[in-house]
Amino acid sequence: MSGRTRERGQLEAEVMRILWDHEGAIGARVIQEGFGDGHVPAYTTLLTVLDRLQKKGEVVRVAASPRKVRFRPTRSDGERAGAAMLSALEGSGDREEALLRFADHLTARDVEMLQRALRPRQVLGRRQAG
């Protein structure tokens with residue numbers, strides 16, 4: 001790597017971003033081409049990162065042929081972010097305070113999206129209560 005190093009976990013995050021940006025499974029060469037910043041990791045480095053991500057359950061290998069292996073994420077970026085948010089909430093000592101602090105940082109658009117997402121649950125709750 002030419003003089004510039006990545007923060008811990010940054011390469012994995014960049015690989016995942018490239019995988020999420022593609023439909024279906026892709027090969028390591030395509031992932032390598034996705035690094036448009038001129039800071040392209042070596043092919044063997046990518047394979048090591050992909051192996052690590054597979055062991056963590058973040059990617060799966062898909063055999064296109066005996067010699068060609070492709071990779072795809074096991075879940076979407078939204079699913080990953082949602083799981084991380086839920087994990088942080090569950091790990092909080094004060095769930096209400098954590099939610100309130102999170103809500104303080106939401107944009108008006110975020111609030112609208114959450115309200116739309118909660119509406120079906122609110123209707124279902126009224127039906128079960130009534």
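Computed from a predicted model, the values in this text were never measured in an experiment. For the single chain, residues carry numbers from 1 onward in sequence order. Only this structure's heavy atoms are used, side chains among them; waters, hydrogens and symmetry mates stay out.
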The reported gap from CZ in F35 to CD1 in I18 (rounded to nearest 0.5 angstrom) is 4.0 Å
So that I can tick it off, tell me whether R29 and E33 are bridged by a salt bridge, with the cut-off set at under 4.0 angstrom between side-chain N and carboxylate O. no
Using side-chain contact (heavy atoms from CB on, under 4.5 Å), reason through L19 and F71 one step at a time and then give a plain yes or no. CA-CA 8 Å; L19 287 167; F71 302 87; 4.3 Å; yes
Contact between P41 and V49 at the side-chain level, heavy atoms closer than 4.5 Å - yes or no? no
Looking at residues at least two apart in the chain, or sitting in another chain, which of them share a side chain to side chain donor-acceptor pair (under 3.5 Å) with D77? R17, R80
Should H22 and V30 count as side-chain neighbours, where that means a heavy-atom distance under 4.5 Å? yes
ILVMFWY network linking V62 to V15, side-chain heavy atoms under 4.5 angstrom: no
To the nearest 0.5 Å, what is the distance between CD1 on I31 and CD on E14? 12.0 Å
Report, as yes or no, whether the 6.0 Å neighbourhood of atom CD on E90 holds more than 12 heavy atoms from other residues, nucleotides or ligands. yes
Kindly indicate whether the side chain of R61, heavy atoms from C-beta on, has any atom under 4.5 Å from the side chain of D51. yes
Would you please name every residue forming a salt bridge (charged side-chain N to carboxylate O under 4.0 Å, His left out) with R52, sequence neighbours left out? E12
At their closest point, which heavy atom of R70 faces which heavy atom of A25, and how far apart are they? CB-CB, 3.7 Å
Derivation of the side-chain contact (heavy atoms from CB on, under 4.5 Å) call for V69 and L47: CA-CA 10 Å; V69 176; L47 291 178; over 6 Å; no
Should M85 and L89 be marked as a side-chain contact (heavy atoms from CB on, under 4.5 Å) after you check the CA-CA gap, both sets of side-chain angles, and the distance that decides it? CA-CA 6 Å; M85 290 165 45; L89 184 60; over 6 Å; no
Separation of E79 CD from T74 OG1 (nearest 0.5 Å): 8.5 Å
First locate atom CD of E97, then atom CG of L100, and finally report the distance between them rounded to the nearest 0.5 Å. 8.0 Å
Taking every heavy atom of P73 against every heavy atom of M16, the minimum-distance pair comes out as CB-CE, 3.9 Å
Between OG1 of T107 and CE of M113, what distance do you get to the nearest 0.5 Å? 6.0 Å
Please check if the number of heavy atoms outside R101 that lie under 6.0 Å from its CZ is greater than 12. no
What closest approach, in Å, do L46 and A28 show between heavy atoms, and which atom pair accounts for it? CD1-O, 3.6 Å
Would you give the length of the straight line joining atom CG of L114 to atom CZ of R109, rounded to the nearest 0.5 angstrom? 11.5 Å
So does T44 get a backbone contact from the side chain of T48, meaning a donor-acceptor N/O pair under 3.5 Å? yes
Take Q54 and V60, measure what side-chain contact (heavy atoms from CB on, under 4.5 Å) needs, and give me the verdict at the end. CA-CA 6 Å; Q54 182 184 10; V60 283; 6.0 Å; no
All salt bridge (charged side-chain N to carboxylate O under 4.0 Å, His left out) counterparts of E58, not counting sequence neighbours: R75
